[in-house]
Amino acid sequence: MKKILHPRPIGPHWLRWLLFGAASFCMGTGITLAVQMVDLKVLPATWGWILAHPANFIMTVLIYSTAVYVLGALTGRLWIGAIPVGAAGLILALVSYFKNAINGTPLNLADFGLAAQAGNVAGLAGDLTPPMDFWQAVILVALCVLLLFLTQPLTVLEGRPRFLTFGISLALAVWLYSAAGAQTIGALLQIDFYNRTDPTEGHSLYGLTLNLWRDYFLKDMTSSAKFMEGEQGGAAYSPAYMQDILTQIDEILQDSHTADMTDTSSTPAPNILFILSESFFDITRLPELSYDKDPVKNFHALKEESISGTFHSHYLGYGTGYIEMSMLYGINSLDIPPSFNLCFLDQEAYERFDSLAEQYTHTGNYRAEMLHGFDNSLYNRTVTYPLLGFENLLFSQDIQNLGFEWSGSCYGGYYLKDSYLFQGMLKRMEDINADGRRAFLYGITMENHQPFDPDKFNYACQIGLTANGFTTEQQDIIRVMLEGITRADQALGKLTDALRESDEPTIVVFFGDHRPNLFMPDQETIYTKLGLSPGNDIPTWSPDQINDLFSTDYLIWANDAALLHGQAGTRRDSSVTALGPQLLKLTGQPISRYWDLLEKVSHVCLSNLSSCFVDGQGNAASSREAANLPSDMEYLLDLRDAVIYDALYGKQYITAAMNEPAGSTLP
């Protein structure tokens, strides 16, 4: 055994040193191929990626082979160094595969913020089984390690050459694994380390490993940074510069303030029930499917007495927690580096601006609470929501402890019923009103959450489905989505019926956070099979297709029509960063400069993604630049970017002033 683990070296030091480097590169190549096999599911697709992007392939090999080289030099045995590096690559690929199975999107750097909740996320996805490609990749890596083990007499390093090799390689690795090194090598290989790309687009272009690597070292951190660096003609960032920005914001806001704000002097302050309905959208919008009854009849009926329209959610199949942060805080993923998670910023970042809830609690007699149909384990809510001004957080068990009357089970499918959650919201509204305060309640439903297994609702479906061209197995999955959306609609109907009987003026804001990414057994989504997208690879979609599938539906309803100020029955597109400002304007709430500015921006931009920009009228373009906005609209977006930069990355020169009404001065 000793001879096997410590073989006698063969050949001179210089030859073994050369073979050591060559073998490291070969091992890095094997790991790269294995990772891409799992990620792309088939070997031909991996070969196609290599041919299409050889520089990206070489850079990925360098990343893995360098790690193998350093660990091999440290231990003196290359095969020992290859084992942890190969295992890390395989685990990374498997995690990305599971994430893709959960919501149809590959692993990106921001997802590492949820690493501590990985078990809970996996639990929400149902049964996750490694694919055959993963085991084939394991075999490939194992064979490469075995080959290194069998040939170790040709590569073993001992004594002074080993320690010298380790020292030099460690120094080079530290340089390569730095922003300067990554960008230098990237420049030589013509790999862009400067311009941000959509995670799915970057994944398709750079591959799993290099896309994560690139995002970590990306120079252009935020969209706001471009403005602050002077690319738009701005002056150097300074107190005087930001004071000038504040003056310009006041001029814009005060010029339009009288005409824009709603007169609410004749209406009482309403309770506000803000409801994020998991994976809800108007399913009748899908082509080729028909139903024997209207599955969203309550939603359709309520639209006639509501403000309603398309809701641009910024996400497809996942992202609930990120949507909440955009909704309540007004920032989005393009405002932060790709290596950051919107729900896991430094805690003080969530206190820079007054949140949407605090627009009501700071200037009115409101109490803000959150109710969630699951537990408290995901998206850092127990940290962020109190920082955003919520006085109480109620999760599934807390809601069940409220003690309101209910008959039957409170669970539907795998989660708390939407109707049960809404009953809890009514109970909390009643208790808060009894204390002489108004309620701002943010409810997050779960009944329609994935997994969409055929037996989720015990194969029950209240609505008859006709889906020509779909197999029986595929129709069973569609019926799960249909049943979940039907139940969400029925819960909404029960809620509004109860509020019609209430004397308390109440506004309900109801929206779907994103569409479900409904995968069929062959791993194609329902949207591809219905001709709404050319495939699962989002970079191949047109801006109009992204705009369509990254959208759901919303409505703003009131149990007293006077609260809508003559807007009942009107249509207007909205989004994750526009719905809050829209509500503030509707209720005539005293509004800070920050939210007042966001309200103006919502008429210019509804969605700004790396691969799609949607203007205020719902028109899609491939980017903000491609939208060809008028100069005044562009400048409005620039002002917003400058405010975000100052608050999140700068010295907060005007952040306190942005939390005051337009025209005011700080004491």
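Quantities reported herein were computed from a predicted structural model and do not represent experimental measurements.
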Which residues share a side chain to side chain contact (heavy atoms under 4.5 Å, CB included) with [X], sequence neighbours left out:
| X | result |
| --- | --- |
| Asn376 | Thr382, Phe395 |
| Asp573 | Thr310, His312, Leu606 |
| Ala301 | none |

**Message:** Distance alone, cut at 3.5 Å: any donor-acceptor contact between the side chains of Gln462 and Gln490?
**Reply:**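 Yes - a donor-acceptor pair under 3.5 Å links their side chains.
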**Message:** If only side-chain N and O atoms count, and only distance matters, is there a donor-acceptor pair under 3.5 Å linking Asn448 with Tyr415?
**Reply:**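 Absent: no donor and acceptor within the cut-off.
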**Message:** Applying the side chain to side chain contact (heavy atoms under 4.5 Å, CB included) criterion to Ile477, which one of Asp453, Leu518, Ile526 satisfies it?
**Reply:**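 The option that passes is Leu518.
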**Request:** Let me know which of Cys612, Ser607, Ser551 forms a side chain to side chain contact (heavy atoms under 4.5 Å, CB included) with Ile546.
**Result:**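 So, applying the side chain to side chain contact (heavy atoms under 4.5 Å, CB included) to Ile546 and each of Cys612, Ser607, Ser551, only Cys612 qualifies.
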Under the salt bridge (charged side-chain N to carboxylate O under 4.0 Å, His left out) rule, what pairs show up with a residue in [range], not counting sequence neighbours?
| range | value |
| --- | --- |
| residues 410-428 | Glu369-Arg428, Lys427-Asp431, Arg428-Asp431 |
| residues 292-310 | Glu305-Arg500 |
| residues 350-364 | none |

Any non-hydrogen side-chain atom of [X] less than 4.5 Å from a side-chain atom of [Y]?
| X | Y | answer |
| --- | --- | --- |
| His372 | Leu393 | no |
| Leu579 | Phe274 | yes |
| Phe281 | Leu286 | yes |
| Leu499 | Asp497 | no |
| Tyr329 | Leu356 | no |
| Thr496 | Leu302 | yes |
| Tyr594 | Asp596 | no |

Under a 3.5 Å distance rule, please check whether [X] uses its side chain to pair with a backbone N or O of [Y] as donor and acceptor.
| X | Y | answer |
| --- | --- | --- |
| Gln589 | Gln359 | yes |
| Asn332 | Ser326 | no |
| Thr552 | Gly512 | yes |
| Asp513 | Thr320 | no |
| Tyr360 | Ala368 | no |
| Asp489 | Ile485 | no |
| Ser419 | Ala491 | no |
| Tyr350 | Leu345 | yes |
| Asp615 | Val604 | no |

Do [Y] and [X] meet the salt-bridge criterion of a basic N to acidic O distance under 4.0 Å?
| X | Y | answer |
| --- | --- | --- |
| Glu483 | Arg487 | yes |
| Arg367 | Asp435 | no |
| Arg381 | Glu324 | yes |
| Arg640 | Asp335 | yes |

Could you pull out all residues at least two apart from [X] that satisfy side chain to side chain donor-acceptor pair (under 3.5 Å)?
| X | result |
| --- | --- |
| Asp282 | Thr284, His300 |
| Ser396 | Gln400 |
| Gln582 | Tyr554, Ser574 |
| Tyr315 | none |

Going by atom type alone, with no hydrogens or angles, which donor-acceptor pairs under 3.5 Å involve a side-chain atom of residues 454-461 and a protein atom two or more places apart or on another chain?
from   : atom 1 : to     : atom 2 : distance (Å)
Lys456 : NZ     : Glu447 : O      : 3.0
Lys456 : NZ     : His449 : O      : 2.3

Report all side-chain donor-acceptor pairs from residues 437-446 shorter than 3.5 Å, counting only partners two or more places apart or in another chain.
from   : atom 1 : to     : atom 2 : distance (Å)
Arg437 : NH2    : Tyr366 : O      : 3.0
Arg437 : NH2    : Glu391 : OE2    : 2.9
Arg438 : NH1    : Ala269 : O      : 3.4
Arg438 : NH1    : Glu504 : OE1    : 3.2
Arg438 : NH2    : Glu504 : OE1    : 2.6
Thr445 : OG1    : Glu278 : N      : 2.9

Nearest 0.5 Å please: distance from the [atom1] atom of [X] over to the [atom2] atom of [Y].
| X | Y | atom1 | atom2 | value |
| --- | --- | --- | --- | --- |
| Ile272 | Thr587 | CD1 | OG1 | 5.5 Å |
| Ile283 | Arg515 | CD1 | CZ | 10.0 Å |
| Ser313 | Ile323 | OG | CD1 | 4.5 Å |
| Leu584 | Leu598 | CG | CG | 9.5 Å |
| Phe452 | Ser279 | CZ | OG | 4.5 Å |
| Leu371 | Asp398 | CG | CG | 9.0 Å |

**Asked** Which of these passes ring-ring contact (aromatic ring centres under 6.0 Å, His included) with Phe311: Phe550, Phe510, Phe511, Phe280?
**Response**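 Single ring-ring contact (aromatic ring centres under 6.0 Å, His included) partner of Phe311 among Phe550, Phe510, Phe511, Phe280: Phe511.
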**Asked** Using the ring of each side chain (for Trp, its six-membered ring), is Phe404 parallel, tilted or perpendicular to Tyr420, with breaks at 30° and 60°?
**Response**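 Aromatic pair Phe404/Tyr420 classed tilted.
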